[in-house]
Protein chains: 2
Amino acid sequence: MQRTSFADMHCSIARTLEIVGEWWTPLILRDVYLGLHRFDDIAENLRISRNLLALRLKHLVDQHIVERRPYQDRPARYEYHLTPAGRELVPALLVLMHWGDRNATPPGGPPVRLVHDSCGESFTPEVTCSSCGAEVTAATVTARPGPGAAAGPGTYVLHQREHAGR
Amino acid sequence: MQRTSFADMHCSIARTLEIVGEWWTPLILRDVYLGLHRFDDIAENLRISRNLLALRLKHLVDQHIVERRPYQDRPARYEYHLTPAGRELVPALLVLMHWGDRNATPPGGPPVRLVHDSCGESFTPEVTCSSCGAEVTAATVTARPGPGAAAGPGTYVLHQREHAGR
């Protein structure tokens with residue numbers, strides 16, 4: 001079945017999902033970030049079919065989220081590493097992970113503990129305001145039309161009204 | 001085709017995706033958050049099939065991310081609202097949105113401008129350390145085994161070694 005494409009939506013969440021929203025893809029990015037750079041290691045760790053992993057990695061390479069780096073000449077072999085855009089996704093993965101720690105807690109508690117190298121402490125990721133630094137919650141954000149706002153398929157028009165997210 | 005379930009993975013990203021990783025689901029949450037609470041409004045805005053929307057909403061209600069609230073008696077009609085767990089997902093959506101604004105920019109620029117009600121300023125969401133408050137990036141985080149770490153399907157074992165995310 002042909003899936004609806006989100007690529008033309010005037011919504012940056014939709015366009016992000018078009019790139020990284022495939023089932024498995026966030027876990028592939030997690031593995032690459034955590035240090036699994038070789039196809040066989042990722043396939044074994046995720047117990048994902050090799051066909052599917054190859055498809056997902058090709059898409060991530062095409063979208064410049066992951067890059068291939070040769071590590072062997074004959075035969076040619078490649079490792080997978082995050083690009084700068086891929087590395088920018090890591091904080092988003094950490095925020096999803098923290099939500100899961102709280103709301104879909106695995107038996108035994110959070111599987112991963114995060115340490116912030118800059119301060120040396122264990123931490124949980126918080127989403128904060130670039131202007132005042134305070135934490136951002138659903139209750140304290142208002143979404144307004146931005147420069148690229150437009151009516152169209154899948155576009156929320158913000159109804160020409162203020163929205164307080166409450 | 002039966003999709004692999006992530007629900008039993010010892011990974012909070014996987015368990016989160018099991019709940020909210022379905023294609024369309026993040027956009028449904030976006031719409032509910034932005035103030036579309038009725039089935040017909042969401043269906044029309046997303047141009048999603050009504051069958052699929054009903055399935056996705058049922059899953060979100062079953063998982064306590066979205067709740068139904070009656071707004072009419074005869075016939076019974078319901079609105080959809082985010083639960084507290086659903087509202088906790090909003091900052092994660094904002095972080096994904098910001099990534100898309102930067103890395104998958106729609107024509108014309110970001111479709112949405114965020115205002116932080118607490119300080120009144122336009123802002124971009126940042127992911128910061130709960131301990132020191134500084135921004136968290138892929139380069140400044142080390143993932144270590146947490147209390148729920150375990151070897152198993154789809155589990156990254158963290159290789160009994162420190163990992164610097166570089």
Side-chain angles (χ1 to χ4, degrees), chain A residues 10-16 19 26-27 30 34-35 45-47 85 87-88 90-92 95-97 99-101 103-104 106 108-119 121 123-132 134 136 138 140-144 146-149 153-154 156 163, chain B residues 10-16 19 26-27 30 34-35 45-47 85 87-88 90-92 95-97 99-101 103-104 106 108-119 121 123-132 134 136 138 140-144 146-149 153-154 156 163:
Chain A
H10 278 255
C11 167
S12 290
I13 298 175
R15 297 167 74 93
T16 301
I19 298 174
L27 300 186
R30 173 199 72 176
L34 288 174
N45 185 53
L46 292 179
R47 302 190 188 175
R87 295 171 67 77
E88 279 192 26
V90 170
V95 172
L96 287 177
M97 185 187 98
W99 186 90
D101 284 346
N103 295 284
V112 168
R113 179 171 65 89
L114 298 175
V115 176
H116 191 212
D117 301 335
S118 314
C119 69
E121 301 293 326
F123 77 99
T124 53
E126 295 184 339
V127 179
T128 56
C129 167
S130 61
S131 183
C132 74
V136 161
T140 60
V141 170
T142 301
R144 301 229 177 121
Y156 188 75
H163 159 70
Chain B
H10 278 254
C11 168
S12 291
I13 298 174
R15 298 167 73 93
T16 300
I19 299 174
L27 299 186
R30 174 199 71 175
L34 288 176
N45 186 53
L46 292 179
R47 303 191 188 175
R87 294 171 67 76
E88 280 191 25
V90 169
V95 172
L96 287 177
M97 185 187 97
W99 186 91
D101 283 345
N103 295 284
V112 169
R113 179 171 65 90
L114 298 174
V115 175
H116 191 212
D117 300 336
S118 314
C119 69
E121 301 292 325
F123 77 100
T124 54
E126 295 183 340
V127 180
T128 56
C129 167
S130 61
S131 184
C132 75
V136 162
T140 60
V141 170
T142 301
R144 302 229 177 120
Y156 187 76
H163 158 71

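What you are looking at is a predicted structure, and each value in this text was computed from that prediction instead of being measured.
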Is chain A contacted by the side chain of B:Val90, its backbone, both, or neither, given a heavy-atom distance below 4.5 Å? side chain
Show the nearest heavy-atom pair for residues B:Met97 and A:Ser12, with the distance to one decimal. O-CB, 3.2 Å
Of all heavy-atom pairs between B:Pro26 and A:Ile13, which one has the smallest distance, and what is that distance? CB-CG2, 4.5 Å
Within the distance-only criterion (no hydrogens, no angle test), does the side chain of A:Trp99 pair as donor or acceptor with the backbone N or O of B:Ala85 below 3.5 angstrom? yes
Please rank B:Ala14, B:Ala134, B:Ala104 by heavy-atom pairs under 4.5 Å with chain A and give me the top one. B:Ala104
Side-chain touch A:Pro110/B:Pro147, heavy atoms, less than 4.5 angstrom: yes
Below 4.5 Å, heavy atoms only, C-beta onward: do B:Ser118 and A:Cys129 meet side chain to side chain? no
Contacting moiety of B:Ile19, where chain A heavy atoms sit under 4.5 Å: side chain
Smallest heavy-atom separation, A:Cys11 atom then B:Arg30 atom, equals SG-NH1, 2.7 Å
Strictly distance-based, threshold 3.5 Å: is any side-chain N or O of B:Ser131 a donor or acceptor partner for the main-chain N or O of A:Glu121? no
Closest non-hydrogen atom pair between A:Thr140 and B:His116, with its separation: O-CD2, 3.2 Å
When the 4.5 angstrom heavy-atom criterion is applied to A:Val127 and chain B, the contacting part is both
Locate the shortest heavy-atom distance separating A:Arg87 from B:Ala138; write the atom from each residue and the value. O-CB, 3.7 Å
How far apart are the closest heavy atoms of B:Val141 and A:Asp117, and which atoms are they? N-OD2, 3.7 Å
Chain A: which of B:Pro125, B:Ala92, B:Ser130, B:Cys132 shares the most heavy-atom pairs with it under 4.5 Å? B:Ser130
Just by modelled atom types, is the B:Leu96 backbone N or O under 3.5 Å from a matching donor or acceptor in the A:Thr16 side chain? yes
